[in-house]
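This report concerns only the one structure given below.
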Amino acid sequence: MKPRTLLRFALSAFIALTGTVNAIAEDGPAKQLFGAQVLPTVSKAQSAGFYSKGCLAGGVALPVDGPAWQVMRLSRNRRWGHPRMIALLEKLSTEAAAKDGWPGLLVGDISQPRGGPMLTGHASHQVGLDADIWLTPMPKHRFTDEEREKVSAASMLKGDTLYVDPEKWTPARTALLKRAASYPEVERIFVHPGIKKKLCDSVQGDRSWMAKVRPYWGHYYHFHVRIKCQPGSPNCKPQQPIGADDGCGKSLAWWFTDEPWRKATEPAKPVKPKVMMLSDLPKVCAQILNAPGPKSVADVTFGARAKVAQPAAADVPASAYAPEGDDLPEDVPVPGQKP
């Protein structure tokens, strides 16, 4: 073999080896990688993967304070979501205040700036399409940052039972849930089984909206709104469509047996928990993780019903995360640099 050919072969092998090493080095625990992100990507919005195994591009932040909402637990940096999710929260807050007698929303976790698994807490909330809303009404005063960290939401249950305390539950809370379920983009609303039973026992007239309200563990002090995969998210994995049943039959009765609350049997040998790696997520999540971001939070935080044109990002191709023709309506905020 000629020296020049040998040199080329060695160089090619070195490049191939380096690429492999870099690919391995870039992989890591997904929750650490996404939990370290403080800003979203500057790109078209896309939810990639499933609600509990994915990421988010083009996320926007819900403003800390709005006309009828306040964001809680600011230190978590989880007030980010798909623009349609943020628009829905703004719409729900103002309509519930105007029409249902609900003074305002206290908003808990939505998603991280680029979605993905969280360091603590939720298994879902990874694609910017989930949001937690407290069942405690917003007070007249604005919380300080310290209060937002320390104030606790009130449980709707009576003592340590599975049942709602009738002294705590109000028609306005029922109206708030009905309002949230009325929006066509909302796919599911998770509540404590006791809250679902309260609705089953008390709602009169139209009950079709109750099909979206699903019982689940926890959720006794807040409800969890989940919207569908949105246009422009070809990599988003949807859930099975819900049926028309109001969910007040056998499926609800199961929650009031011992089975859902029985402590799991511990294995004979300790099982090492599986850590979700970046490579376990959709491939596009690696691109989203490393994509350019805005200059500041202010550049991707929008007010109620804001109309902001999306500027071109020279270093992010227009087709990087969503196909052409899937732009959002003008009344939905999209990320981009301010003038």
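Nothing here was measured: the structure is a model prediction, and the numbers come from that model.
- Scored by the side-chain contact (heavy atoms from CB on, under 4.5 Å) test, Gln32 finds Pro29, Leu119 as partners (sequence neighbours excluded).
- Every residue two or more places apart in sequence or in another chain that forms a side-chain contact (heavy atoms from CB on, under 4.5 Å) with Ala154 is listed here: Thr136, Met156.
- With sequence neighbours excluded, no residue forms a ring pair (Phe, Tyr, Trp, His ring centres under 6.0 Å) with Phe50.
- Remark: Asp201 engages Lys197 in a salt bridge (charged side-chain N to carboxylate O under 4.0 Å, His left out) (not counting sequence neighbours).
- Qualifying side-chain hydrogen bond (donor to acceptor under 3.5 Å, both in side chains) partners for Tyr216, counting only residues two or more places apart in sequence or in other chains: none.
- Under the side-chain contact (heavy atoms from CB on, under 4.5 Å) criterion, Lys283 pairs with no residue, sequence neighbours left out.
- Through side-chain heavy atoms spaced under 4.5 Å, either directly or across other Ile, Leu, Val, Met, Phe, Trp or Tyr residues, Met118 is tied to no other residue.
- Applying the salt bridge (charged side-chain N to carboxylate O under 4.0 Å, His left out) criterion to Asp130, with sequence neighbours excluded, gives Arg226.
- Taking Ile, Leu, Val, Met, Phe, Trp and Tyr as members and joining any whose side-chain heavy atoms lie under 4.5 Å apart, directly or through other members, Leu56 forms no hydrophobic cluster with any other residue.
- Lys31 contributes atom NZ, which lies 11.5 Å from atom CE of Met277 (distance to the nearest 0.5 angstrom).
- Remark: Phe256 pairs with Tyr163 by the ring pair (Phe, Tyr, Trp, His ring centres under 6.0 Å) rule, at least two apart or across chains.
- Ion pairing between Arg73 and Asp109 fails under the 4.0 Å rule for side-chain N and carboxylate O.
- Residues forming a ring pair (Phe, Tyr, Trp, His ring centres under 6.0 Å) with His192 (at least two apart in sequence, or on another chain): none.
- For Pro260, the side-chain contact (heavy atoms from CB on, under 4.5 Å) test picks out Trp217, Trp254, Trp255, Thr257, with sequence neighbours left out.
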